[in-house]
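Everything below concerns the one structure shown next.
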Amino acid sequence: MSDEYENKTGYQAQSSETISSGGRGGGSGTVPDADHVRPAEIPEQDLYHGHSFITKWVFCQDAKVIGVQYFLLATFTGIIGLILSWLMRLQLGFPEAAGFMTAEHYYQFVTMHGMIMVVYFLTALFLGGFGNYLIPLMVGSRDMVFPYLNMVSFWSFFVAVVVLLASFFVPGGPTGAGWTLYPPQAILEGTPGSGMGILLMCISLILFVAGFTMGGLNYMITVLQARTRGMTLMRMPLTVWGIFTATILAMLAFPALLVGGLMMTLDNVLGTSFFMPTILKAGEVLEYGGGSPILFQHLFWFFGHPEVYIVALPAFGIVSDLISVHARKNIFGYRMMVWAIVGIGGLSFFVWAHHMYVSGMNPWFGFFFATTTLIIAIPTAMKVYNWILTLWRGNIRLNVVMLWCLGFIVTFVNGGITGLFLGNVTVDVPLSDTYFVIAHFHMVMGIAPLMVIMGAVYHWFPLVAGRFLDEKLGKWHFWLTFLGAYSIYFPMHYLGFIGVPRRYFEMYDSPYVTSAVGMNEFISVAAFIVGAAQLILIYNIIRTLKIGKPAGHNPWQANSLEWLTPSVPPEHGNWGEKLPVVHRWPYDFSVPGAKEDFITQTTPPSEVTETEVEKT
């Protein structure tokens, strides 16, 4: 049951709280004790409403429009990353068909693919896209607390993408140092893009971090200060918890990337030696000296491993909400899920050096980071158990949204198991530079989050566009993507075990890896099919916008606030004249005694007195 307040003050009902029954406060229009929610502490937010196409859809201050802008731009960069991966797989599987590609091109494509997918696609899409669209709606706010700053944040991201893609057109092309950008080779002659390429990459990352800092402050302050009446922290959907915690991680981790990028830029442009040791070239000592390449690795991975959870935590929150809605069952262990998200976020700052086992660190450091890596698996496994127990005996709707959720759970568990392999120093050292790492990383950081993105698109598209995406096309999309992804990455584990090295432009002719030739061809064909399968979603979206089935209000019969807006799609300001008032958590599904199998967050306790709802 919702919190019960003894109403001794006779507060008048406000907003959606107005009920025509008397409580101890007396009189018509007063609020029954169980329904009372404390009055608002701050006045409502003033919004700027655009009056032209430019101010409504381009330089817009509405968080929903900004969220769509982030989503579209991140998707555009993701498509570029996908095309680069196709070119890489063409070279690896069918080198005779890739005669136009040199080794320099290959390493440039590897570098840009990795950085685009991790930072400019997944991070921007989860935090910028879903964060902007869903946070104000889910917490009952009219908009982000700083709408203008939110707009500037997106356009900073836009400029960062332009600078990044500009590196394809400068002399020498983009950097080919690998997506981790390790010095000294990143800025030494002989590495592709060691001039303007690496410089533009660093500038782009600096712009990205600056833009995200503006957006991240917005997300955190909106969650902490702009929640509607009755929306306590422990009544927020797990989607908000995931994005909120990931934002805090990013605010703490991105400065390491920012500093690393700035210092490398100075090494490259001014000849400083932050990361550059004494180097001999053709018998001559270069001007550098005294720097530490290992320092950059520490800075990069202090950002890099929290970055995994900056992507994963929003995915955890989103998939939790999707499973609960489409299994018609309250999330199992809500508080445990919240603290698991927070615990994973905290622990993520103590595991970064497990990426550096082969860098020559002290064995005791290896022991420490191997231990913390295994410890962080505990709250992560708790979340998997909670998802399975939420599904247990639920009234599961096996629609396309649920298929993506189930695909995510299976993929994340498989990828997590291989992570336990690599968290162990003695196993990681021989596997570190093989395709086993590629397989693990893509299962956990690529395919699993992508499945959550797809499930979220099918789930929230009716809210954004007011129409359902086609279910049959969605299932074709799911099965081609799911089976194709496993056809790509399962064989890569075998390639790693037999010692096939990653980052190689050509697969060398060795009697020990003869089976790798045919397998690389198979993997490449599967990669082409999976990439092409994403055209089904694009076609589905275009078709739905024209002739899709209207969704109406709350088509999934969900409880959270985003589905309870006066209009669908929500208008600027979200809630019309009055903000909603929250009385419960968003997971009251299939409650015994209830007339329907869902009870929305705005339903007062006085309307469900005969039910056995959770106390939140």
Side-chain angles (χ1 to χ4, degrees), residues 47-82 116-138 141-166 204-205 207-219 222 239 243 246-247 250 310-311 314 318 449 453-454 456-457 459-467 534 537-538 541-542 544-545 562 565 568-574:
L47 300 177
Y48 170 79
H49 296 275
H51 300 289
S52 66
F53 177 85
I54 296 294
T55 54
K56 283 184 178 180
W57 302 108
V58 182
F59 297 105
C60 181
Q61 298 185 32
D62 185 349
K64 296 183 296 301
V65 175
I66 294 172
V68 173
Q69 288 175 326
Y70 262 110
F71 196 96
L72 293 176
L73 184 54
T75 301
F76 171 73
T77 61
I79 291 172
I80 293 174
L82 173 65
I116 282 173
M117 289 304 202
V118 171
V119 175
Y120 297 87
F121 174 55
L122 289 172
T123 304
L125 197 148
F126 273 114
L127 298 185
F130 290 119
N132 270 294
Y133 202 96
L134 294 176
I135 286 176
L137 288 168
M138 284 187 157
S141 172
R142 293 205 178 276
D143 208 323
M144 291 292 182
V145 289
F146 304 120
Y148 182 83
L149 197 66
N150 206 24
M151 178 192 73
V152 176
S153 171
F154 167 74
W155 286 102
S156 298
F157 172 55
F158 181 86
V159 174
V161 171
V162 171
V163 172
L164 180 76
L165 298 182
S204 177
L205 289 173
L207 289 169
F208 179 89
V209 173
F212 174 78
T213 301
M214 292 183 272
L217 289 171
N218 241 335
Y219 307 157
T222 300
T239 294
I243 296 172
T247 301
I310 289 167
V311 171
I318 289 171
I453 291 170
M454 295 305 176
V457 167
H459 178 77
W460 278 301
F461 192 83
L463 178 68
V464 177
R467 297 177 182 272
Q534 307 318 303
L537 176 62
I538 296 174
I541 290 174
I542 295 172
T544 298
L545 290 173
E562 78 271 20
T565 55
V568 177
E571 297 176 350
H572 191 198
N574 297 337

Mind checking whether [X] and [Y] have side chains closer than 4.5 Å, heavy atoms only?
| X | Y | result |
| --- | --- | --- |
| Tyr120 | Leu205 | yes |
| Ser52 | Phe59 | no |
| Thr544 | Phe461 | yes |
| Asn132 | Phe154 | no |

Keeping [X] on the side-chain end and [Y] on the backbone end, is there a donor-acceptor pair under 3.5 Å?
| X | Y | result |
| --- | --- | --- |
| Ser204 | Val162 | no |
| Thr222 | Val145 | yes |
| Thr247 | Ile243 | yes |
| Thr55 | Cys60 | no |
| Gln69 | Val58 | yes |

Do Leu165 and Phe76 pass the side-chain contact (heavy atoms from CB on, under 4.5 Å) test, and can you show the C-alpha distance, the side-chain angles, and the key distance before you say yes or no? CA-CA 11 Å; Leu165 298 182; Phe76 171 73; 3.9 Å; yes
How long is the straight-line distance from [atom2] of [Y] back to [atom1] of [X], given to the nearest 0.5 Å?
| X | Y | atom1 | atom2 | answer |
| --- | --- | --- | --- | --- |
| Met117 | Ile80 | CE | CD1 | 10.0 Å |
| Asp143 | Ile135 | CG | CD1 | 11.5 Å |
| Lys64 | Asn574 | NZ | CG | 4.0 Å |
| Leu127 | Leu122 | CG | CG | 10.5 Å |
| Met454 | Leu537 | CE | CG | 5.5 Å |
| Phe121 | Ile453 | CZ | CD1 | 4.5 Å |

Closest approach of [X] and [Y], non-hydrogen atoms and distance?
| X | Y | answer |
| --- | --- | --- |
| Trp460 | Met138 | CZ2-CE, 3.6 Å |
| Gly211 | Ser156 | CA-CB, 3.6 Å |
| Ile310 | Ala250 | CD1-CA, 3.5 Å |
| Leu137 | Glu562 | CB-CB, 3.6 Å |
| Thr239 | Ile318 | OG1-CA, 3.4 Å |
| Met144 | Asn218 | CB-OD1, 3.8 Å |

Between Ile66 and Met151, does the side-chain contact (heavy atoms from CB on, under 4.5 Å) criterion hold? Intermediate values first, please. CA-CA 7 Å; Ile66 294 172; Met151 178 192 73; 4.2 Å; yes
side-chain contact (heavy atoms from CB on, under 4.5 Å) assessment of Phe208 paired with Val119: CA-CA 9 Å; Phe208 179 89; Val119 175; 3.6 Å; yes
Phe212-Phe157 aromatic ring centre distance below 6.0 Å: no
Evaluate Ser153 against Tyr70 for side-chain contact (heavy atoms from CB on, under 4.5 Å), listing each step before the verdict. CA-CA 10 Å; Ser153 171; Tyr70 262 110; 2.8 Å; yes
Parallel, tilted or perpendicular, as decided by the 30° and 60° cut-offs, for the rings of Phe130 and Phe126: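 Tilted: the ring planes of Phe126 and Phe130 meet at 30° to 60°.
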Within a radius of less than 6.0 Å around CH2 of Trp57, do more than 12 heavy atoms belonging to other residues, nucleotides or ligands occur?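 Not buried by this count: 12 neighbours or fewer within 6.0 Å.
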